[in-house]
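For reference, the structure discussed in these notes is given below.
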Number of protein chains: 2
Amino acid sequence: MSASETRQQIVEAADELFYHRGYEKTSFSDIADAVRISRGNFYYHFKSKDEILDAVIKGRLTATRLVLDSWETDAKGPVDCIRSFINILIANRADIKKYGCPIGTLSTELSKFDHVSRVDANRLFTLFRTWLCEQFEMLGCGDNSDRFAMHLLARSQGVATLAAAYRDDDFIRREVKEMSDWLDACVKPIAGASRRAG
Amino acid sequence: MSASETRQQIVEAADELFYHRGYEKTSFSDIADAVRISRGNFYYHFKSKDEILDAVIKGRLTATRLVLDSWETDAKGPVDCIRSFINILIANRADIKKYGCPIGTLSTELSKFDHVSRVDANRLFTLFRTWLCEQFEMLGCGDNSDRFAMHLLARSQGVATLAAAYRDDDFIRREVKEMSDWLDACVKPIAGASRRAG
DNA sequence: GTCTATACTGAGATAGAC
DNA sequence: GTCTATCTCAGTATAGAC
């Protein structure tokens, strides 16, 4: 097997394990077992556990960027884009009920002890934040755009946290509906204003 | 020192450390250092780390119960009570920015690997949930009471998560204001209906 | 590039002296 | 009730054979 293939497998396995068990709880053995390589081989590809975390975060950033791009090409407009974001809670509800949000739980874990990768992990949040902000700006929300973005991010995080605690499907659906309604209410006056203006 | 005193000190130190570092990251040595006892002495009071976690959760349940009671005696009515809940985000913002919500982060950590105490940790959420639900019921929210309770819990959790990620004070204040507005809007139609009815 | 063997550390936990 | 000494185990990490 080529080095880059093995490396890739390690990152993928680590990604999943960090999400499912948490960073601290995941050991080299866990990852090695998942990839079916020896613990020793490990260090040919990564010098430390932190380096794997780094690679995992970079991978997630790239993957997230791709998802955001696909939403933009598939959607009819910014409102549709934002709704795609809201709906990931439904799409990923099985995992969220078991492990929470992969971004939120990692960020929380690293925040606790000011891990070196804390800043990198938060860039995942920021990726969504700026993207959502852009959507709201396109809708003419102006100075409120970033606030709206943060508001949606926060609501999603809260839903993920409680969904994991109570493993409740109906709760997720209800809150997603409310977020969707909030979006409509938030956009309607702007659409009305532009109709009146135009 | 009496056994119960030492025990109490251990629980208090563990409570803080579990909050600040997380359960997994906190070792016996950490707790022993904080209380200034030897690691060995430890086992006179608790048989295992899980047992300490148990005691910490029980302590938090008792403390929370007391806080809820004090809110009820201090407040003018259910709306005031609910506002007290919303405002803990402001009151505890310094800690929340550093370590997130003590309940949410513990619940998240234990959920990941289905820890035995997961259910107990969630009882902390449930304590707030049922209490909030009762307040909404007193306001005549009927079948919506539990949904409103969960909605507020989720919003608080989301705010705590993002506040910890971005260490942002203004964001907390803004979201608290919005939750407060939501509460007003949520209660106004009921108050109006009862005025019309009465 | 992958393996085995192994060093080193810190974790949770126990035994027994005081 | 508290201590020191010690055990066992799992963790990260390294060295060197293949």
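Proteins come first, then strands; the chains are lettered A, B, ... in the order of their sequence lines, and each starts at number 1.
Taking atom NZ of Lys25(A) as the reference point, atom P of dA10(D) lies 12 Å away to the nearest angstrom. Protein atom CZ of Phe42(A) is 22 Å distant from nucleotide atom P of dT6(C), rounded to whole Å. Atoms CZ (Phe46(B)) and C1' (dG12(C)) sit 15 Å apart, rounded to a whole Å. Rounded to whole Å, the distance from CD1 on Ile10(B) to P on dT2(D) is 8 Å. Put simply, CZ on Arg36(B) is 12 Å from P on dC3(D), counting in whole angstrom units. Here dG1(C) presents its P atom at 15 Å from CD of Gln8(A), a figure rounded to the nearest Å. Going from atom OH of Tyr44(B) over to atom P of dT2(D) covers 8 Å, rounded to whole Å.
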Donor-acceptor contacts, no H, no angles, side chain residues 144-154 of chain A, under 3.5 Å, sequence neighbours left out:
{"residue": "Ser145(A)", "atom": "OG", "partner": "Glu137(A)", "partner atom": "N", "Å": "3.3"}
{"residue": "Ser145(A)", "atom": "OG", "partner": "Gly142(A)", "partner atom": "N", "Å": "3.4"}
{"residue": "Ser145(A)", "atom": "OG", "partner": "Gly142(A)", "partner atom": "O", "Å": "2.8"}
{"residue": "Asp146(A)", "atom": "OD1", "partner": "Arg129(A)", "partner atom": "NE", "Å": "2.9"}
{"residue": "Asp146(A)", "atom": "OD2", "partner": "Arg129(A)", "partner atom": "NH2", "Å": "2.8"}
{"residue": "His151(A)", "atom": "ND1", "partner": "Glu175(B)", "partner atom": "OE1", "Å": "3.1"}
{"residue": "His151(A)", "atom": "ND1", "partner": "Glu175(B)", "partner atom": "OE2", "Å": "3.1"}
{"residue": "His151(A)", "atom": "NE2", "partner": "Arg155(A)", "partner atom": "NH1", "Å": "3.1"}

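The shortest distance between the side-chain N/O atoms of Thr6(A) and the OP1/OP2 oxygens of dT2(C) is below 4.0 Å.
In this structure, CZ in Phe18(B) is found 11.0 Å from CZ in Arg21(B), a value given to the nearest 0.5 Å. To the nearest 0.5 angstrom, Ile88(A) atom CD1 is 11.0 Å from Ile90(A) atom CD1.
Contact check for Gln8(A) versus Glu12(A): side-chain heavy atoms found under the 4.5 Å cut-off. Using a 4.5 Å heavy-atom cutoff, the side chains of Phe128(A) and Leu68(A) are in contact.
Distance from the side chain of His45(B) is smallest to dT2(D) among dT2(D), dC3(C), dT2(C). Of the candidate nucleotides dC3(C), dT12(D), dA11(C), dT12(D) has the atom nearest to the side chain of Ser27(A).
A salt bridge links Asp120(A) with Arg123(A): the closest approach of a Lys/Arg side-chain nitrogen to an acidic carboxylate oxygen falls below 4.0 angstrom. With respect to the salt-bridge test (charged N to carboxylate O, under 4.0 angstrom), the residues Asp114(B) and Arg167(A) qualify.
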Would you tabulate the nitrogen or oxygen pairs shorter than 3.5 Å linking the protein to nucleotides 13-18 of chain C?
{"residue": "dA13(C)", "atom": "OP2", "partner": "Lys49(B)", "partner atom": "N", "Å": "3.1"}
{"residue": "dA13(C)", "atom": "N7", "partner": "Tyr43(B)", "partner atom": "OH", "Å": "3.3"}

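Among the protein residues, Ser4(A) comes within range of no part of the nucleic acid, since none of its heavy atoms lies under 4.0 Å from any strand.
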